[in-house]
Enquirer: 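For reference, the structure I am asking about is given below.
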Amino acid sequence: MFKRLATAAVTAVLIAGLGACGNAGDTHDEGSDYSAGVGQDSGNAADEPQPDTATPADTSVFGLRDEIRHRAARTTRAERPRMTKKCTTATRRVKHTTRTGSGSKRRTRTWYSTEHAKSCKQVRSGTETYTRVVRREQWCVSLDDVGGDTHKDDVWYQVSRTTYDAAVGTDEHARMDFTPKDSGC
């Protein structure tokens, strides 16, 4: 009877310990931006995913076309090290021998040849001027009533060139549905 009582006590302690560890708060699943502890509310608003940082599987947006904007690429002149290939040649004298016969009739013939070797490496040789891209070319579309919410107006999205061309061909306040490359412009 004592053995059963001791086993029950150890089991109760283990269950209580594991239960306390599991209720410490939401655990974060590395595979998504949502917490893995479903139904556990810690009361902290920072633990909940924010609408801007949460990335659902379908990232397409829809709304009414407002404005469009094309931002040309911005470049500047910059300098970088100029690397050139420097090669050196080397020659090496190689001794060759061949033996024929056996015993007292053994004869050794020796001759020499020259092997040529070439080794190259990149070395810095001054500087060169090049065109550095500061900002890539961007095509942007602004939407009103994003996702059907009448309070979400003038939201800018970076889009592909084909989406931008489609937006140019539509009237203002026409419904558009696309997948943006990035938000903001």
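All values below were derived from every heavy atom in this structure, side-chain atoms included, with hydrogens, water molecules and symmetry-related copies excluded.
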Enquirer: How long is the straight-line distance from NZ of Lys95 back to OG of Ser113, given to the nearest 0.5 Å?
Expert: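 If we round to the nearest 0.5 Å, Ser113:OG and Lys95:NZ are 12.5 Å apart.
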Enquirer: Who else is in Val168's hydrophobic cluster (ILVMFWY, side-chain heavy atoms under 4.5 Å, direct or via others)?
Expert: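 ILVMFWY cluster around Val168 also holds Val61, Ile68, Trp139, Val141, Leu143, Val146, Val155, Tyr157, Val159, Tyr164, Met176, Phe178.
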Enquirer: Does any donor atom in the side chain of Thr75 or Thr131 lie under 3.5 Å from an acceptor atom in the other side chain?
Expert: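 The answer is no; no qualifying pair exists.
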Enquirer: Quick one: closest heavy-atom pair of Gly184 and Gln158, and the distance?
Expert: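 For Gly184 versus Gln158, the nearest heavy atoms are O-CG, 3.2 Å.
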Enquirer: With heavy-atom distances below 4.5 Å as the criterion, would you say the side chains of Thr84 and Gln122 are in contact?
Expert: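 A side-chain contact under 4.5 Å is absent here.
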Enquirer: What are the two closest non-hydrogen atoms of Thr170 and Ala174, and how far apart are they?
Expert: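 That closest heavy-atom pairing would be CB-CB, 4.3 Å.
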Enquirer: Walk me through it: do Tyr130 and Arg77 pass the test side-chain contact (heavy atoms from CB on, under 4.5 Å)?
Expert: CA-CA 6 Å; Tyr130 72 104; Arg77 305 280 289 168; over 6 Å; no
Enquirer: Rounded to the nearest 0.5 Å, what separates atom CZ in Arg93 from atom OH in Tyr112?
Expert: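 Reported to 0.5 Å precision, the distance equals 5.5 Å.
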Enquirer: Among Arg107, Arg109, Lys105, whose side chain to side chain contact (heavy atoms under 4.5 Å, CB included) with Thr100 holds?
Expert: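 Going through the options one by one, the only one that passes is Arg107.
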Enquirer: Working note: Ser119 + Thr88, criterion side-chain hydrogen bond (donor to acceptor under 3.5 Å, both in side chains); need CA distance, chi angles, decisive distance, verdict.
Expert: CA-CA 6 Å; Ser119 64; Thr88 57; 3.1 Å; yes
Enquirer: Holding to salt bridge (Lys or Arg N to Asp or Glu O under 4.0 Å), I want the full list of residues that pass it with Arg80, two or more places apart in sequence or in another chain.
Expert: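 Glu128.
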Enquirer: Would you say the side chain of Val94 lies within less than 4.5 Å of the side chain of Arg92, judging by non-hydrogen atoms?
Expert: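 Arg92 vs Val94: side chains touch.
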Enquirer: Measuring only between side-chain heavy atoms, which start at C-beta, is Lys152 closer than 4.5 Å to Asp145?
Expert: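 Side-chain contact under 4.5 Å: no.
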Enquirer: Going from NE2 on His70 to SG on Cys140, what distance comes out if it is rounded to the nearest 0.5 angstrom?
Expert: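 Output value for this atom pair is 9.0 Å.
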Enquirer: Are side-chain N/O atoms of Thr89 and His116 paired as donor and acceptor at under 3.5 Å?
Expert: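 The answer is no; no qualifying pair exists.
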Enquirer: If you count the non-hydrogen atoms of other residues, nucleotides and ligands that lie under 6.0 Å from CZ in Arg82, is the total more than 12?
Expert: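 Counting neighbours around CZ of Arg82, 12 or fewer heavy atoms of other residues, nucleotides or ligands fall under 6.0 Å, so no.
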Enquirer: Could you list the residues that satisfy side chain to side chain contact (heavy atoms under 4.5 Å, CB included) with Asp154, not counting sequence neighbours?
Expert: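 Asp154 satisfies side chain to side chain contact (heavy atoms under 4.5 Å, CB included) with Asp66, Ser142, Asp144 only.
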Enquirer: Mind checking whether Cys185 and Gln138 have side chains closer than 4.5 Å, heavy atoms only?
Expert: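 Side chain of Cys185 against side chain of Gln138, heavy atoms only: contact under 4.5 Å found.
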Enquirer: Can you find a heavy atom in the side chain of Glu137 that is under 4.5 Å from one in the side chain of Arg71?
Expert: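 Glu137 does not reach Arg71 side chain to side chain.
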Enquirer: Just checking Arg135: does its CZ atom have more than 12 heavy atoms from other residues, nucleotides or ligands closer to it than 6.0 angstrom?
Expert: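 Enclosed: over 12 neighbouring heavy atoms sit under 6.0 Å from CZ of Arg135.
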Enquirer: Going through the distances and angles, do Arg65 and Glu172 end up as a side-chain contact (heavy atoms from CB on, under 4.5 Å)?
Expert: CA-CA 6 Å; Arg65 177 194 167 280; Glu172 194 169 331; 3.6 Å; yes
Enquirer: Would the number of heavy atoms belonging to other residues, nucleotides or ligands and lying under 6.0 Å from CZ of Arg175 be above 12?
Expert: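 Yes, because the 6.0 Å sphere around CZ of Arg175 holds more than 12 heavy atoms from other groups.
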Enquirer: Between Arg106 and Arg99, is any pair of side-chain heavy atoms under 4.5 Å apart?
Expert: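 Of all side-chain heavy-atom pairs linking Arg99 with Arg106, at least one is under 4.5 Å.
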Enquirer: Any side-chain heavy-atom pair from Leu64 and Phe62 closer than 4.5 angstrom?
Expert: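 When only atoms from C-beta onward are counted, Phe62 and Leu64 do not touch, as no gap falls below 4.5 Å.
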